[in-house]
2 protein chains.
Amino acid sequence: MKSQPITIKDIARILGISPSTVSRALKDHPDISPKTKQLVQTFAEKVNYRPNALALSLRSSKTNTIGIVIPEIVHHFFSSVISGIEDVAYGRGYNAIICQTNENYQREVIDLQALVDNRVDGILVSMSKNTHEFTHFENLRENGVPVVFFDRICEQISSDRVIADDFEGARIATKHLIGKGCKKIMHLAAPQHLLIGKNRKEGFTSALKEHKLVSDDRYIIKCDTREAVFAKADDIIRLAPEIDGIFAVNDSTAIAAMQVLQRNGYSIPKDIAVAGFGDGPNANIAYPPLTTVEQKGYDIGQAAMRLLIGHIEGTVEDEEFETKIFTPELVERTSSQLGHNVR
Amino acid sequence: MKSQPITIKDIARILGISPSTVSRALKDHPDISPKTKQLVQTFAEKVNYRPNALALSLRSSKTNTIGIVIPEIVHHFFSSVISGIEDVAYGRGYNAIICQTNENYQREVIDLQALVDNRVDGILVSMSKNTHEFTHFENLRENGVPVVFFDRICEQISSDRVIADDFEGARIATKHLIGKGCKKIMHLAAPQHLLIGKNRKEGFTSALKEHKLVSDDRYIIKCDTREAVFAKADDIIRLAPEIDGIFAVNDSTAIAAMQVLQRNGYSIPKDIAVAGFGDGPNANIAYPPLTTVEQKGYDIGQAAMRLLIGHIEGTVEDEEFETKIFTPELVERTSSQLGHNVR
DNA sequence: ATGAAAGCGCTAACAT
DNA sequence: ATGTTAGCGCTTTCAT
């Protein structure tokens, strides 16, 4: 029962007219007589004719499809970005293909290649954590495929970029903790070869300096996942008696740290105030609800897609690149109310 | 600088040979002389030749691409399923296009149409909550596109299916609560036109009956999202004094219910024991950690993709359908320890 | 107002 | 061992 989809040629044969007439009739070409148009359109409707997108794309070298390459779909931030991208994309007649690299460099290379092979009109990329080679990005340029980086941008490649102001976000969160009375704040940091790791750490230290607080390297612990926190639990607990605040590079790290401290008899936020980064839905589920900075994923996605369309449709000069920066906003909840008891 | 990608024709012209020779040389055809092969392959490598997947697919009417249509990417269950699908797919030389419907029927129709237009080799679908018309699924069959439903299957369409045993999972969770001493258990239920809603409720009532507990309709509250729980908070609080357990249709609903109860002075699990369904990462983040049943998303994804490949590659009879069922497993945590205090 | 022909990039039957 | 041709489905110039 695997019936081949009907083609323009089929319609032409059945109706006893030429393929070109069918093609024109279907798109209301003025040359075609109303009678023929009527005939063709009605028939096409009846047999549920659908143009073959492959053939269309091959002919026009335009797929109306863009590729999205991201580390992990499951993170709230990335899925907000995807929603932003998709809403703009669909509105402008583009389809989006999502590829997740699972933070795997090899997969990133393969995914990009597959997108290029399938002649997508443009690509939106957020780099994997393990990417240190950039020739696969350079190849895109050589192939004439427009690219916009977002969030995890590649500094070595000149291109449009859309980012959250990680430095400022970290600074805001840290100043908030200081405002709540914290004097000795620990930072749970991401790897420093990642821009977000570097910028958030620098925002953190900048806030400390501004308020003339000591910036103790011992208080900077490298862990940026839930698992990493549990692996470093001993280090955190050893320092816990000295500190009164934690700023974590993301929400899951912040939440895991709260759990580690609570299991060791500390009360949050009474003994130690905590702030995270990202504002996913976890922040509300956490106990106590987590103070964090909101990253505006949806806006970032929209902006990235708009920039990409600018390049695809040639409304922007080819070598003219732009960087859009979104400043995060503090979302204050219970976890940062130093000294307060929570039920 | 938008250089068109190089084609076989280009190579042929430059090397002064015919396109067919180039094509054959590139795929090690035995007819071609080693010298020519060497020449062509080296050159192709040098200019970074890549076949145009569009042209390939058009010619072979085989795209080596499958479509995934799911309600929401962000849910842990669905992203596990995607990982399972992708791992099998890549291993067998298929690419996957992910479409999220956002539980929107119209979007589901559009996404499926786009996939068919792009001639994917097969489609994996988990239905949107708001889908009550099924002609768009029937059209797939008419177009000869193999489909496998998973999790949110469509009863009205005969096809391969991969599901979690929701009835049994709900029964296991409910019996667990009963075993912990619960006598009056509330159920937070999903809409009954959804199979998962129906099956989980029936698993719940079946466990009650088995243990000769009363099944009170007042204890069945319709809410299956975090927001819905807050909307029904008054109803839940009104009944809270009577009950000693809650079985929720999913984890976020269970967690929201715990929060509502806690904010109203109830202690979990001392006063009321709670169990959820799904075992996403939230279950660990919740306070107290949530007892729930694990849905085996990764396995379901793998199984669904394997079934789909069977149909695509014709190793399975066309009208021969299979249903694979995965039984969830209980993951016992703190939220269900009725009578116990948690710090 | 309609049709014939060519071509998007590729491959495979059919020459030579 | 290599080249010529035709065709996948579609559109569009160029006839008529």
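Chain A is the first sequence line, chain B the second, and so forth, proteins listed ahead of strands; every chain is numbered from 1.
Put simply, the side chain of R119(B) and the base of dG9(D) share no donor and acceptor less than 3.5 Å apart.
Between R59(A) atom CZ and dG7(D) atom C1' the separation is 15 Å, expressed in whole Å. One can place CD1 of I8(B) at 13 Å from P of dG3(D), the figure rounded to the nearest angstrom. When the P atom of dC8(D) is taken as reference, atom CD of Q4(A) falls 11 Å away, rounded to whole Å. At whole-Å resolution of the value, CZ in R13(B) and P in dT4(D) are 15 Å apart. In this structure, the NZ atom of K9(B) is 10 Å from the C1' atom of dA6(C), given to the nearest Å. Note: CG (L56(B)) to C1' (dA12(C)) measures 13 Å, nearest angstrom. Distance CD1 (I6(A)) to P (dC8(D)): 15 Å, rounded to an integer number of Å. Atoms CG (L26(A)) and P (dG9(D)) sit 15 Å apart, rounded to a whole Å.
Using cut-offs of 30° and 60° on the angle between ring planes, the pair H311(A) and F321(A) is tilted. Note on ring orientation: taking the six-membered ring where Trp is involved, the planes of F150(A) and F78(A) are perpendicular (angle over 60°, cut-offs 30° and 60°).
A donor-acceptor contact closer than 3.5 angstrom is absent between the side chains of S20(A) and S23(A).
Note on T7(A): every side-chain N or O is 4.0 Å or more away from OP1 and OP2 of dG9(D). Between Y49(B) and dC10(C) there is a side-chain polar atom (N or O) within less than 4.0 angstrom of OP1 or OP2. Contact check, T36(A) against dT2(C): a side-chain N or O comes under 4.0 Å of OP1 or OP2. At dT11(D), one or more side-chain N or O atoms of K27(A) fall inside 4.0 Å of OP1 or OP2 (strictly under the cut-off). Distances shorter than 4.0 Å separate some side-chain N or O of S23(B) from OP1 or OP2 on dT11(C). In terms of phosphate contacts, S33(A) brings a side-chain nitrogen or oxygen within less than 4.0 Å of OP1 or OP2 of dT2(C).
Nucleotides of DNA chain C nearest to R50(B) and K37(A) differ in position, and the one nearer the 5' end is that of K37(A). Nearest-nucleotide positions on DNA chain D place T21(B) closer to the 5' end than the other of T21(B) and L54(A).
Panel note: side chain D10(A), backbone T7(A); a donor-acceptor pair is recorded below 3.5 Å.
Side chain of S18(B), nearest nucleotide from dG3(D), dG9(C), dT12(D): dG3(D).
Residue contacts shown for N52(A) are limited to sugar-phosphate atoms, with no base heavy atom under 4.0 Å away.
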- Message: Using side-chain hydrogen bond (donor to acceptor under 3.5 Å, both in side chains), reason through N48(B) and K46(B) one step at a time and then give a plain yes or no.
- Response: CA-CA 5 Å; N48(B) 199 13; K46(B) 201 186 94 196; over 6 Å; no
